[in-house]
Every structure is written in C-alpha cells, then in structure tokens.
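Down below is the structure, laid out as structure tokens.
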Amino acid sequence: EAELGLSETAMHFIAGVLKHVKAITAVANPLVNSYKRLVPGYEAPVYIAWSASNRSSLIRVPAARGMGTRIELRSPDPSCNPYLEMALCLAAGLDGIKQNLAAPAGTNKNIFAMSSKELEAEGIDSLPGSLEEAMVEFQKDPFRLTRQEYIKPRQQDWRNLQNCINVQSKNFLIKISRSSKKTNEK
C-alpha cells in the first residue's frame, strides 16, 4: 500500500493522468470560453497536483477507500465530450501503469494561496491558460488519440475568435477615430 492507503497501481494511474493532463485539457475544455473558468483562485483547479483532502488540487481522491476508491479530475468543462475525455483519462492512467510512473507526493496545502515561488518549489505546474495553449500541448504530447480529427476544428475556433476580436477592435478604433474627428471639427 502506498500513500493514503492507495495501491502502487493507483499511484501509477494518477501519475499517468498528471503526465498527460495538459494534453487532455484540450479535450476536457474544448471551447474558447472553457478557459474563462480555468483561472487561479476560482472553483475549477488549474494547478497540476493531486490530493486526498484538498479541493484546490486538480486530481482529488475522495475519502472512501476499498472497491469504491476513485479519482476525480476536476477541470473538465461541461461542454466537453465526456466519452472522449474519459477515454483519454483511462488511456493516460493505463500509460502510467504500463510505464510504472511515480506520482509526486500529494499536496495538502491550499494551492490557490501559494505564491509562485512556493508552487515552483513544490514542482506544481499549471494547466494551459487558453485553447490555443491546450492545442499546442495536445499536439506535442507523444501520447495522443484522434489528433488531427480533433485539432482542426479547435484551431478553426481559435482563428475565428481572433478574427472576431480583430474586426471588433478595428470597428472600435474606427468609431473612436470618427468621434475624435467630429470633436476636433467643432
């Protein structure tokens, strides 16, 4: 038995999910707006850590042990495809088991209250902060499923948002320019 009564296999599973979670984020948070809730200090955890009792950790192992023991990945957005997200989590966990990955120690501190120096000292990284960052992580992770079929529509979503922002910014600047011309003419 390992930490907190979890088996060695469970710890390998957690390590696999932690290893691939940045890539999984692209599937678990598939929309541009998904990242508006993934900010430090809010309900959805953004720091890559696990704990049995800490609600600020990304992966939480609820108190129940035995046959009902489970892990909770707390970052997925309600807009994600739960079947694809679950398949990726299972595959990542099984990869951790296959490679005998070691999970870091669980974190019992309030991660949201930690300074950037404390996070760095504890080896706690964060999830991608945007859909674009998540897609980059998804593409560079050697462990991937449905890569191109999933990436192309998300990249188009990101380009559409950027174009929309550019058009809105341009229109705003034109409006300001016109109003300042009218003011100067008076």
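These figures come from a predicted structure and were not determined experimentally.
To the nearest 0.5 Å, atom OH of residue Tyr35 and atom OG1 of residue Thr25 are 6.0 Å apart. Here the straight-line distance linking atom CG of Leu18 with atom CE of Met11 works out to 9.0 Å at 0.5 Å rounding. Considering CG of Leu73 and CE of Met86, their distance stands at 9.0 Å, rounded to 0.5 Å. Cys89 contributes atom SG, which lies 4.5 Å from atom CD1 of Ile24 (distance to the nearest 0.5 angstrom). Note: Ile59 CD1 to Ser51 OG = 11.0 Å, rounded to the nearest 0.5 Å. Distance check, rounded to the nearest 0.5 Å: OG1 of Thr107 to CE of Met114 gives 6.5 Å.
Ser126 approaches Ile48 most closely through the heavy-atom pair O-CD1, 3.6 Å. The two residues Ala26 and Phe138 have their closest heavy-atom pair at CB-CB, 3.8 Å. In terms of heavy atoms, His12 sits closest to Ala102 at ND1-N, 4.5 Å. Contact detail for Ala44 and Leu38: the closest heavy-atom pair is CB-CD2, 3.8 Å. Across all non-hydrogen atoms, the minimal contact from Tyr47 to Ile124 is CB-CG2, 3.6 Å. Arg70 approaches Pro62 most closely through the heavy-atom pair O-CD, 3.3 Å.
Contacts classified as salt bridge (Lys or Arg N to Asp or Glu O under 4.0 Å) and involving residues 23-37 (residues at least two apart or in different chains) are given here: Arg37-Asp77.
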request  = Check the pair Leu6 / Val61 against side-chain contact (heavy atoms from CB on, under 4.5 Å), numbers first and verdict last.
outcome  = CA-CA 9 Å; Leu6 297 170; Val61 182; 3.9 Å; yes
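Side chain of Trp50 to main chain of Ala15: no donor-acceptor pair is present (N/O by atom type, distance under 3.5 Å, no hydrogens or angles).
No continuous path of hydrophobic side-chain contacts links Leu88 to Leu101 [ILVMFWY only; heavy atoms under 4.5 Å]. Neither Val46 nor Val136 shares a network with the other; the hydrophobic side chains, linked directly or stepwise wherever heavy atoms of I, L, V, M, F, W or Y lie under 4.5 Å apart, form separate groups for each.
Under 3.5 Å, the side chains of Asp95 and Gln99 contain a donor-acceptor pair of N or O atoms.
A 4.5 Å side-chain heavy-atom check between Val17 and Leu58 finds every atom pair outside the cut-off. In this structure, the side chains of Ser57 and Ile111 come closer than 4.5 Å at one or more pairs of heavy atoms. Using a 4.5 Å heavy-atom cutoff, the side chains of Asn81 and Val27 are not in contact. At least one side-chain heavy atom of Val21 sits under 4.5 Å from a side-chain heavy atom of Leu127. Proximity of Ser56 to Pro45: side-chain heavy atoms (C-beta onward) are nowhere separated by under 4.5 Å.
Taking a 6.0 Å sphere around CD of Glu72, one finds it holds more than 12 heavy atoms contributed by other residues, nucleotides or ligands.
Every side chain to side chain donor-acceptor pair (under 3.5 Å) that Asp125 has, sequence neighbours left out, goes to Lys22. Remark: Asn110 engages no residue in a side chain to side chain donor-acceptor pair (under 3.5 Å) (not counting sequence neighbours).
A salt bridge links Lys109 to Glu122: one of the charged nitrogens lies within less than 4.0 Å of a carboxylate oxygen.
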